[in-house]
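What follows is a single structure, written as structure tokens, with notes after it.
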Amino acid sequence: MYARRYFLALVLLLVGAPAVAQNICIECKGVGWLACASRKCKDILVLGAKTDFKHDAIWGEACCRGIQKVVCPKCQNAIAKAEIENELTMRKSWVDRMRKYDEECGTKFSHVETEQWILHYSIPQWKIGDATLNRVKASLQWAIRLDSVSSLMRAALQSSPGGKCQAFLVATEAEQKRTTLTQQGVARSAQAFNTYGTPQSGAKFTTRPMPPDMTVDDGFHPHVVHNATHILTQATNGFLQEFPSWLDEGMSHWVELQLFEKATTFCFRELAIGKDQWKQNDWRKSLYSAVAQKKDLPFATIITHDMDKLSVQEKAYAWSFVEFLITAQGPKFPTLFAEMKKDKDTKKALQKALGWSTVQFQEEWRKHVLKTYAP
């Protein structure tokens, strides 16, 4: 009896097996999708191979929008089909939103979105090192550069803006005027135009390679980094109207020196400075000399100056004050920064975060300069 039952079970199993196998799709082996066959799509994907950025050149390819999958036409896998179609719809929606900037600005952009930035880039060709990159390839490199600024700022401040900041890097004066007018409310064409606030309320900047210094990468790259830092400084921990200029400029120069070991970018209100020697000076060496001779400028005076009154020399001091806070005070610097976003009074924030007066700050900073800036 038992032998007969086992025999019948074995027969049913053997008979049923082919029936199950016949229901598996021959084309996709049951997974519900096929590999995208478009060669163009694969060529474009190589551009973003080392990033997880959104890019309209990749997401704009109608074949598969960069996911490298297409729904299997013969398979009945409804779950896989829904997942793929939802991803395709999301990517198309993002591309459509980005392409609206092209319409509004009358400019053909490459659009890249990173963790912290949305970049709109229109420069047709750009040379980085020995390589001349087209608009699409260059836009990815600039997006990587913007992300490097965000990484430095996040490490220093232990905080980031609550949304995506925007950068418009355009090719011509006409494009800059159209972009600043439609995206920032005022037509501007001189150097960078920064709009501060939270990301939601318009934390963005527009700039272009201007002669004589910024038509090459060595000049334009620091300029973009400097202004991107301004945007992140203003947007992190909320926006505060008239945020203290010494800290705002100090942060931008700190990031510049971290990446390029010198400061070359100075805000538009400083165009009248001409051949100020501090633009060429080795800031560490000059500040060490001033402190060693007890001729250093007072912190208590510099912190009262707005952007119009900060000289290049005072910007060097602002950089050094920030460098000292980040390097020597570590975790206390984010606390100081957060306090200054609550109240723009540097003296109050300094007392709350470090327990120092401006005189104590100056003395501790002087010790730091003598110890670490020595030739």
Side-chain angles (χ1 to χ4, degrees), residues 126-130 141-142 144-157 167 169 191-192 194 205 207-233 245-293 295-297 299 302 305 307 310-328 333 365-366 368-375:
W126 191 252
K127 188 174 183 180
I128 298 177
D130 295 329
Q141 295 305 309
W142 281 105
I144 291 169
R145 288 171 164 185
L146 288 171
D147 250 23
S148 71
V149 177
S150 298
S151 295
L152 283 170
M153 293 287 285
R154 185 163 49 249
L157 299 175
L169 305 188
Q191 291 199 356
N194 300 346
F205 75 100
T207 192
R208 62 187 170 91
M210 292 179 64
D213 301 327
M214 292 194 297
T215 56
V216 295
D217 196 56
D218 286 348
F220 193 49
H221 187 185
H223 170 81
V224 171
V225 163
H226 185 96
N227 286 282
T229 306
H230 276 311
I231 297 298
L232 293 171
T233 297
S245 295
W246 75 269
L247 183 51
D248 190 7
E249 279 295 290
M251 287 300 302
S252 286
H253 287 306
W254 177 76
V255 173
E256 264 193 285
L257 268 76
Q258 288 292 107
L259 295 177
F260 310 108
E261 298 184 350
K262 61 181 179 179
T264 61
T265 301
F266 300 94
C267 294
F268 70 94
R269 283 174 282 188
E270 293 180 345
L271 286 179
I273 60 179
K275 297 182 179 180
D276 189 311
Q277 66 176 6
W278 278 85
K279 290 180 69 175
Q280 285 77 41
N281 279 5
D282 179 329
W283 284 0
R284 286 180 180 270
K285 182 177 179 180
S286 297
L287 288 168
Y288 177 82
S289 177
V291 172
Q293 297 177 58
K295 294 181 179 179
D296 46 298
L297 301 180
F299 174 69
I302 293 173
H305 291 175
M307 194 74 73
L310 277 176
S311 66
V312 180
Q313 181 184 21
E314 288 173 327
K315 285 178 180 288
Y317 276 80
W319 158 75
S320 185
F321 296 153
V322 169
E323 186 273 331
F324 161 62
L325 287 164
I326 293 174
T327 303
F333 179 60
W365 168 76
R366 295 179 88 256
H368 173 75
V369 170
L370 294 173
K371 180 180 178 180
T372 64
Y373 290 13

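Of all heavy-atom pairs between Met214 and Phe220, the closest is O-CB, 3.4 Å. The nearest pair of heavy atoms linking Pro222 to Thr264 is CB-OG1, 3.4 Å. Closest heavy-atom contact between Asp217 and Lys127: CB-O, 3.4 Å. Counting all heavy atoms, side chain and backbone alike, His226 lies closest to Ser252 at O-OG, 3.0 Å. The minimum heavy-atom distance between Ala316 and Leu287, with the atom names listed, is O-CD1, 3.7 Å. Residues Leu169 and Phe205 share a closest heavy-atom pair of CD2-CE1, 4.1 Å.
Note that CD1 of Ile128 is 5.5 Å distant from CD of Gln141, once rounded to the nearest 0.5 Å. In this structure, CG in Asp147 is found 6.0 Å from OG in Ser151, a value given to the nearest 0.5 Å. Here the straight-line distance linking atom CZ of Arg154 with atom CG of Leu232 works out to 9.0 Å at 0.5 Å rounding. Summarising the geometry, atom OG1 belonging to Thr233 is positioned 3.0 Å from atom CE belonging to Met153; distances are rounded to the nearest 0.5 Å. Note that NZ of Lys371 and CZ of Phe324 are 11.0 Å apart. Values are rounded to the nearest 0.5 Å. Atoms OH and CD, on Tyr288 and Gln293 in that order, are 10.5 Å from each other to the nearest 0.5 Å.
Under the 3.5 Å distance criterion, with hydrogens and angles disregarded, a donor-acceptor pair is assigned to the side chains of Trp365 and Ser320. If you check the side chains of Gln191 and His223, you find no donor sitting under 3.5 Å from an acceptor. Side-chain polar atoms of Ser245 and Glu249 form no donor-acceptor pair below 3.5 angstrom.
Between His368 and Tyr373, the two ring planes are perpendicular [angle over 60°; tilted spans 30° to 60°]. Aromatic ring pairs are classed by plane angle as parallel below 30°, tilted from 30° to 60° and perpendicular above 60°; the pair Phe321 and Trp246 is perpendicular. Under the 30°/60° scheme for interplanar angles, the aromatic rings of His221 and Trp142 are found to stand perpendicular.
The number of heavy-atom neighbours closer than 6.0 Å to CD of Glu261, taken from other residues, nucleotides and ligands shown, is 12 or below.
Annotation: side chain of Val224 is not in contact with side chain of Arg145 (no heavy-atom distance under 4.5 Å). A 4.5 Å side-chain heavy-atom check between Asn227 and Thr207 finds every atom pair outside the cut-off. Annotation: side chain of Tyr317 is in contact with side chain of Asp296 (closest heavy-atom distance under 4.5 Å).
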Review point. Does the pair Leu152 and Leu259 meet the rule for a side-chain contact (heavy atoms from CB on, under 4.5 Å), with working shown?
Key: CA-CA 10 Å; Leu152 283 170; Leu259 295 177; 3.8 Å; yes
Practice item. For the pair His253 and Trp283, evaluate side-chain contact (heavy atoms from CB on, under 4.5 Å) and give the outcome as yes or no after the intermediate values. Key: CA-CA 11 Å; His253 287 306; Trp283 284 0; 4.0 Å; yes
Check your understanding: For Gln258 and Ile326, what are the C-alpha separation, side-chain angles and deciding distance, and is it a side-chain contact (heavy atoms from CB on, under 4.5 Å)?
Key -> CA-CA 12 Å; Gln258 288 292 107; Ile326 293 174; over 6 Å; no
Practice item. Check the pair Asp218, Asp213 against side-chain contact (heavy atoms from CB on, under 4.5 Å), reporting the backbone distance first and the verdict last. Key: CA-CA 8 Å; Asp218 286 348; Asp213 301 327; over 6 Å; no
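Of the options Thr265, Asp248, Asn194, a side-chain hydrogen bond (donor to acceptor under 3.5 Å, both in side chains) to His230 is made by Asp248 and by none of the others.
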